[in-house]
Visitor: 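Take this structure, written in structure tokens, and hold onto it; I'll ask about it next.
Order of appearance sets the numbers: ligands from 1, and atoms from 1 within every ligand.
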Amino acid sequence: MTTTLEKPVDRPLPYFDDRLIYEKSRIGARAWRVPKNDVKSQPAASYLSGVALRKTPPVLPEVSELEVIRHYTNLSRLNYAISTTFYPLGSCTMKYNPVMNEVAVMLPGFREIHPLQDDNSVQGALALAKRVMDYLAEVTGLPGVTLHPCSGAQGELTALLVCKAYFEDRGENRHLVLIPDSAHGTNPASCAIAGLKPVPVKTGPDGLVDVDDFKSKITPDVACAMITNPNTLGLFESRIHEVAEALHKNGSFLYMDGANFNAIVGVARPGDFGVDMMHINLHKTFTQPHGGGGPGAGPICVCAALEPYLPVPRVVEDKDGYRLEEDAPKSIGRMRGYGMNFGVMVRSYAYMRRLGAEGTRRIAEFAVLNANYLRVKVGKHYAVPYDRICMHEFVASSKKQREKGVHTIDIAKRLIDYGYHPPTVYFPLVVNEAIMIEPTETESKDTLDRFVDAMAKIAQEAETNPELLLEAPVTTPVRRLDEVKAVKEPDLKFNCCVWEPT
Ligand SMILES: *Cc1c(COP(=O)(O)O)cnc(C)c1O
């Protein structure tokens, strides 16, 4: 019987210098110095007004070039990233970001342009944007596309505003939006920001939208429904066309939260199963480094009836080439400063072109295969509440382990000791002690098998040493945090740096 939780690998922890860069500061240390000014200078006060001027110099650390490089390189090594480890964060589609995308986005013709340049001088960039739009229209089966939204959540908001504008244009005042209770929190939040009211719909015992409950909530005030498909349990909403039909009969629209598009891209077109509008998280399905807060993009695709309301400026192609069109009387206006997060479009376009039609389909096929492989293997050690063929992800639960006093959070923290970024936990809310696992299409069988081994070992530890699992992680510079306190009272050690004028 061990008395402390063992490190999974019997190796000494690497020494980690956890001093802040301020604590490493030495007065007078510099990376490099600019030459002495030999031009007549004027005090800053002659250019700036009083409020813009500091009373005291900023508190900046003073370190050499090598020290600064080491400091940030070592910090970056504490990060989990797709390029360092398997990252099965459910719902987030943390897929491999091909290096080729970065080569494309660094081409000077893309990197060095400015959004205020004349259309004639950026024809290639506009052509690329138009091709991304055409590709998205093709894979979704929805003809109207805007590249404006910077995220999935902003795509939701844009689509809701478009839908609202449509009804206002017809003199209708519809304000209700049906949303299943398994939905991502951004769905009701987007509704609230758009000035609409979310109406929750139940999930049935099969993990799918309860269609009877759904239909009973359709009233003349319903503008649209927001449905995630595949849903957040990783299950395909097989009665989606029935839901769409009921909405359309009522003159309402069906919005699809397309965050899980990775599971069906190239296989099924949402426009074909009754969807009228959807967002695509380019940073999920179409590869984009994400997880640190962006940049991403959440373009939306809509049916022809909603197209006139899309934001401006729009990329259009006519006989003279490409241009950004501002003139669209029914448009909801702008959703952002300029037309799109352009670098994101370049990366996604490189990815789309590399894969082609055949490769696009294979994204979905392999993502689904990988998820089902893990569902069966992980299911030998953990409960899987909706245990049937899933799409690109599945939701396990630590129900069995809870009997021993071990919770999902403990399992997630222990995975860090085994070198993995934990899966999404406690989401969706409809599953107790949820562990949501999404292995994307590029993961090999070897990687998946090793992950299963780690999950099995943790299940074993929960049996034999449950109290000790509550201590995990044991291999990280910082151990278990009180997560609520860490958010409310972050201890960032700022007090340590007192600036002393030299
Ligand atoms: C990621 C996600 C969103 C939000 O997308 P962002 O790009 O993070 O704003 C919405 N719904 C679901 C189901 C998601 O997984």
Visitor: Count the heavy atoms of every other residue, nucleotide or ligand shown that sit under 6.0 Å from CZ of Arg402, and state whether that count exceeds 12.
Guide: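 Yes.
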
Visitor: Contact residues of ligand 1 with a heavy-atom cut-off of under 4.0 Å?
Guide: Ser91, Ser151, Gly152, Ala153, Glu156, His184, Thr186, Thr228, Asp257, Ala259, Asn281, His283, Lys284

Visitor: Hey, are Arg354 and Asn101 close enough side-chain-wise for a donor-acceptor pair under 3.5 Å?
Guide: no

Visitor: Would you call Arg239 and Glu245 a salt bridge, taking side-chain N to carboxylate O under 4.0 Å as the test?
Guide: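 No, no charged N to carboxylate O under 4.0 Å.
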
Visitor: Is the number of heavy atoms from other residues, nucleotides or ligands within 6.0 Å of CZ (Arg362) greater than 12?
Guide: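 No, CZ of Arg362 has 12 or fewer neighbouring heavy atoms, counting only those of other groups under 6.0 Å.
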
Visitor: Can you establish whether the number of heavy atoms outside Glu307 located under 6.0 Å from its atom CD is more than 12?
Guide: yes

Visitor: Among side-chain atoms of Asn281 and Thr93, is any donor-acceptor pair under 3.5 angstrom?
Guide: no

